[in-house]
2 protein chains.
Amino acid sequence: MDDIDLIRNFSRTYTHRLGLLSKSYLGSGLALSEARLLHDLDRPGPVRARELAQGLGLDEGQTSRILAGFARRGWIRRTRDEADSRQRPLHLTEAGRAQLEVLRLASRTAIAEATAPLGAAGLAALARVLDQASDLLRPPQPPLLRGLLPGDAGQVIARHAALYARDEGYDQSFEALVAEILAAFLTRNDTARERGWIAQSPGGRMLGSVFCMAEGPEAPQIARLRLFLIEPEARGTGLAQRMIEACLGFAAAAGYRQMRLWTHESHQAAGRLYARNGFALVASAPARAFGCEVIDQTWQRDLP
Amino acid sequence: MDDIDLIRNFSRTYTHRLGLLSKSYLGSGLALSEARLLHDLDRPGPVRARELAQGLGLDEGQTSRILAGFARRGWIRRTRDEADSRQRPLHLTEAGRAQLEVLRLASRTAIAEATAPLGAAGLAALARVLDQASDLLRPPQPPLLRGLLPGDAGQVIARHAALYARDEGYDQSFEALVAEILAAFLTRNDTARERGWIAQSPGGRMLGSVFCMAEGPEAPQIARLRLFLIEPEARGTGLAQRMIEACLGFAAAAGYRQMRLWTHESHQAAGRLYARNGFALVASAPARAFGCEVIDQTWQRDLP
DNA sequence: TGCAATACTTGATTTAGTCAAGTATTGCAG
DNA sequence: CTGCAATACTTGACTAAATCAAGTATTGCA
């Protein structure tokens, strides 16, 4: 059972369970090739018929016929290329985009039904590993660092809870703490002095988080770096460094004079990262937290 | 970009890159449905045509025709059901099995070509995440614990190196150490007193390893638990406990009086597991190893 | 005993896909 | 600027897979 057999094995399971091979695509009346073609038409600029055919490995004749059908149904507009009138650049119309949305919903429903037995947690785990696979299949692209969007806070809570429970044995009280921290952050909504970053894979799954928060009114010049988490599969890639830099840069620009953070001694890789970024260990004390014996650490550095 | 969109997105990337949709299956002259049908015929007992059709979502008429073709080419034998002569139980012949092997090789070649740009490490990573996905899609099954097979030692070395480099920052000297330990183990080949276990997912990927080795001639009654590793995604599932029990059970049966192990303080979850299994910390000392400052720990317990 | 249900098979038809030829246009060597 | 190969797409003829419906032999059961 080598790597290739594992992949073959997956293909069979996947096509079987997710029914990728379904003819007459999801009852939408469109054939699979038509659906794929329509999807590939959804690009900002004009599209060439040949590009589409080659991109999908479809026969050009067949492509031509399918496109004729789309034009008849008003899903695409075929314009005339001024410079070369052999070509007929294609544009998706509003009707075409609407049809694409119909398709998207049908496909979402089908996947939701097929994955219903997995439950929400299983679905999230599946999405996570499949998106990892997407990343591996695509030419490598660096993760995106972006601000917080709706739904991110929940993800941050869920991943903190899951990973700390697995790796450190933390109990539910840790999830509650993370939820409280985030709830307060969102409530304060102090965008000038506080910010969160989400690292996101090219496919869109969350790879990590970091937050810059105010230490509190009694220490207005101190910023706190919090909820710093990198998914295991994204560790050792330099992503953590990028995220720390984003956080430090924001804190300095927001006028803080120091940045402080709180961690546990067991996070050795994190400790090395903090040390590399000018933080120094300023306090350390054993404590009992989240059902475990831990050694709390406080690190601090000055900001430029 | 929610979970379902991530899955949709993966499906597109995957079918595009791995070309699942290839008609005329891989130049073997068989259509995709024929290949899938032939594959599903490969089961120990007799198979019913209807089962096959329903299992693959194929039309019964079409199934009948394809099966007639298989029978004509001598790939299947159609017997007569004594109790119900409407049914014609199907059996794959040797020729059919040979054809299946042709198909398997063609499919392997196709995957190997499609994944060539990823390199060996990328392929291994892809196989790993896709097999995780297979596990998630299947009804849950517990991992299998088995002895060492050819190729396992290499995997054990590779995963130790990769995970410790990622999580602890160990350098290459750690990989060398693991390789030496395993080479010596394989060379001694002392099956009565030493053994290794591999935990394997239902799909077949390695989920973890543990070894029972002799401490050495100067301490013949002491066994050492070594190379204990659980893949991150398999942590917190009780697998580690099963593996420790297997190792302890073997050591006791092999006549050892004590079991000893060596770890680092930073592996807190492992430490808790050892404590739960009767081990006590007997020595602890800071050391510099594999390019890191660590705190070596020795744990020990008596065997029944 | 008769009749619906089952386990397939066969026939008629549709349709996606293939291959090759056809049309209009472009680019470029002579 | 002429002619001819190349390009971008279309069209026609054909193949084969898939679908739908009807057909056959057999079973089970009221």
Side-chain angles (χ1 to χ4, degrees), chain A residues 15 19-41 45-73 76-91 103, chain B residues 15 19-41 45-73 76-91 103:
Chain A
T15 50
L20 273 186
L21 301 170
S22 59
K23 284 277 159 187
S24 170
Y25 203 53
L26 311 162
S28 64
L30 290 189
L32 186 51
S33 294
E34 292 180 302
R36 299 212 297 148
L37 210 43
L38 193 60
H39 189 273
D40 276 23
L41 276 161
V47 193
R48 302 280 128 80
R50 172 152 297 179
E51 285 174 52
L52 287 174
Q54 286 179 348
L56 295 174
L58 228 77
D59 179 74
E60 287 188 25
Q62 180 68 1
T63 305
S64 177
R65 261 182 276 263
I66 294 175
L67 289 175
F70 286 177
R72 186 165 29 76
R73 281 175 279 191
I76 55 171
R77 224 161 14 91
R78 286 149 131 172
T79 56
R80 192 153 206 88
D81 188 312
E82 293 307 321
D84 182 346
S85 56
R86 288 171 305 184
Q87 299 185 22
R88 305 174 70 182
L90 306 166
H91 303 259
L103 226 58
Chain B
T15 50
L20 274 185
L21 303 169
S22 60
K23 284 275 159 186
S24 168
Y25 202 53
L26 312 162
S28 63
L30 290 188
L32 186 52
S33 293
E34 291 181 302
R36 298 213 298 148
L37 210 44
L38 193 60
H39 189 274
D40 275 24
L41 277 162
V47 192
R48 302 279 130 78
R50 171 152 297 181
E51 286 175 51
L52 287 174
Q54 286 179 347
L56 295 174
L58 227 78
D59 179 75
E60 287 189 24
Q62 180 66 1
T63 305
S64 176
R65 260 182 277 264
I66 294 176
L67 289 175
F70 286 177
R72 185 163 30 76
R73 281 176 279 192
I76 55 172
R77 227 166 8 94
R78 288 151 130 171
T79 57
R80 190 150 208 87
D81 188 313
E82 294 306 321
D84 182 347
S85 55
R86 288 171 305 183
Q87 300 186 20
R88 303 173 69 184
L90 307 166
H91 303 260
L103 224 58

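This is a predicted model, so every value here is computed, not measured. To find a chain, count down the sequence lines: A is the first, B the second, and so on, and within it residues start at 1. We use all heavy atoms of the structure for the numbers below, so side chains are in, but hydrogens, waters and symmetry mates are not.
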Rounded to whole Å, the CD-C1' distance (Q87(B) to dG28(D)) equals 13 Å

Pairing residues for E51(B) by the side-chain contact (heavy atoms from CB on, under 4.5 Å) criterion, not counting sequence neighbours = R43(B), V47(B), R48(B)

Would you classify T63(B) as touching base, sugar-phosphate or nothing, given that sugar-phosphate means primed atoms plus P, OP1 and OP2, and contacts are heavy atoms under 4.0 Å?
-> nothing

How far does CG of L90(B) sit from CG of D40(B), to the nearest 0.5 angstrom?
-> 12.0 Å

Report the distance from atom CG of L90(B) to atom C1' of dC8(C), rounded to the nearest whole Å.
-> 11 Å

Would you mind reading off the distance between Q54(B) atom CD and dT6(C) atom P, rounded to a whole angstrom?
-> 11 Å

Table of protein N/O atoms under 3.5 Å from nucleotides 12-15 of chain D N/O atoms:
from	atom 1	to	atom 2	distance (Å)
dG12(D)	N7	R65(A)	NH1	3.3
dG12(D)	O6	R65(A)	NH2	2.8

When we call it a touch if two heavy atoms are under 4.0 Å apart, what does Q62(B) touch: a base, just sugar-phosphate, or nothing?
-> base

How long is the line joining CD1 of I66(B) and C1' of dA18(D), in whole Å?
-> 9 Å

Gap between atom CZ of R88(B) and atom CG of D81(B) - 0.5 Å precision = 12.0 Å

Strictly below 4.0 Å, heavy-atom distances to any atom of DNA chain D: list the hits from residues 76-85 of chain B, or just say none.
-> A83(B), D84(B), S85(B)

Interatomic distance, NE2@H39(B) vs CG@L30(B), rounded to 0.5 Å, equals 13.0 Å

Nearest-Å distance, CZ (R72(A)) to P (dT10(D))?
-> 14 Å

R86(A) has its side chain closest, among dA24(C), dA7(C), dC8(C), to dA24(C)

With S85(A) via side chain to side chain donor-acceptor pair (under 3.5 Å) - residues at least two apart = none

Distance-minimising heavy-atom pair for H91(B) and P89(B) = CD2-O, 3.8 Å

Rounded to the nearest 0.5 angstrom, the CZ-CG distance for R36(B) and L103(B) is 12.5 Å

Output a table of donor-acceptor pairs, distance under 3.5 Å, between side-chain atoms of residues 61-72 of chain A and any protein atom two or more places apart or on a different chain; print 'none' if there are none.
from	atom 1	to	atom 2	distance (Å)
T63(A)	OG1	D59(A)	O	2.7

Integer-rounded Å distance: dT9(C) C1' and L52(B) CG = 16 Å

Figure out the CD/P separation between E60(B) and dC20(D), and round it to whole Å.
-> 13 Å

Whole Å only: how far is the CG atom of L32(B) from the C1' atom of dA16(D)?
-> 14 Å

Sorted by position of nearest nucleotide on DNA chain C, 5' first, the leading residue of L67(B) and G57(A) is L67(B)

Watson-Crick or G-U stems of DNA chain D, 3 or more pairs, under 3.5 Å, by first number | C:1-30 with D:1-30

